[in-house]
Asks: 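The following block contains the structure, expressed as structure tokens.
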Amino acid sequence: MKGKILVVCYSYSGKTRRIAEMIEKLTGGRLSRIYPRQPYPSDFEQLLSQVKKENETGALPALLPVTESADKYDIVFAGSPNWCGTIAPPLAAWLKENDMAGKTLLPFFSHCGGEDKGMEQAVRNFCPAAKAGSSLYVLENGRQDLQDLVQKWLEETLPEE
Ligand SMILES: Cc1cc2nc3c(=O)[nH]c(=O)nc-3n(C[C@H](O)[C@H](O)[C@H](O)COP(=O)(O)O)c2cc1C
């Protein structure tokens, strides 16, 4: 695999983070997490209502300026939980802030088996000029299958040169 690799992810409860850490381990890329300036509520009903509102209005959260920018990288893995069928707003905000033109963009998602209303498309819409690779979908944190799942996806997806 050729090129500098960045792995970014937003993870609310740690499952997407586990997938990101596996990608980091298997690719030797740099892992950098995304944090909203204002953490999301810990109460599920409040969280759900905020996420639904953000999805309806397209409002994106301000982010803490701690996440690596995509500038120096050629291949970007971008991860998010499935939130109400789409990507979590913090990942959307990061994608919007970063110029991905010409970079290879590989999305990965954690979900609980519910509806996907087009998570991959949501990523593509923010980064139309990126080179698209196929996405990885993992149920929760992948449990004991995670390494195999990620390994297989990397073999199928990563550009050889
Ligand atoms: C507000 C909210 C909305 C969710 N909506 C969906 C959904 O529509 N479909 C689905 O499969 N999972 C949904 N989930 C479950 C998460 O995608 C799943 O638990 C994921 O593994 C969490 O990843 P994380 O630990 O990185 O945050 C939702 C979770 C939350 C908190």
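Every number for a ligand or one of its atoms is a count from 1 in the order of the listing.
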Asks: May I ask you to test the E140-C112 pair for a side-chain heavy-atom distance under 4.5 Å?
Replies: yes
Asks: Ligand 1: which residues have a non-hydrogen atom closer than 4.0 Å?
Replies: S11, Y12, S13, G14, K15, T16, F44, L47, L48, P81, N82, W83, C84, G85, S110, H111, C112, G113, G114, E115, E140
Asks: Could you measure the distance from the CD atom of Q50 to the CD atom of E45? Nearest 0.5 Å is fine.
Replies: 13.5 Å
Asks: Do Y73 and V7 make a side-chain contact, defined as non-hydrogen atoms from C-beta onward lying under 4.5 Å apart?
Replies: no
Asks: Would you mind checking if K25 and E21 are paired as a salt bridge, meaning a charged N to carboxylate O distance below 4.0 Å?
Replies: no
Asks: Extract all donor-acceptor atom pairs below 3.5 Å that involve side chains of residues 82-96 and protein atoms in other chains or at least two apart in sequence.
Replies:
| residue | atom | partner | partner atom | Å |
| --- | --- | --- | --- | --- |
| N82 | OD1 | G85 | N | 2.7 |
| N82 | ND2 | E115 | O | 2.9 |
| W94 | NE1 | E68 | O | 3.2 |

Asks: Taking it one step at a time, do T67 and R33 satisfy side-chain contact (heavy atoms from CB on, under 4.5 Å)?
Replies: CA-CA 6 Å; T67 312; R33 289 184 62 190; over 6 Å; no
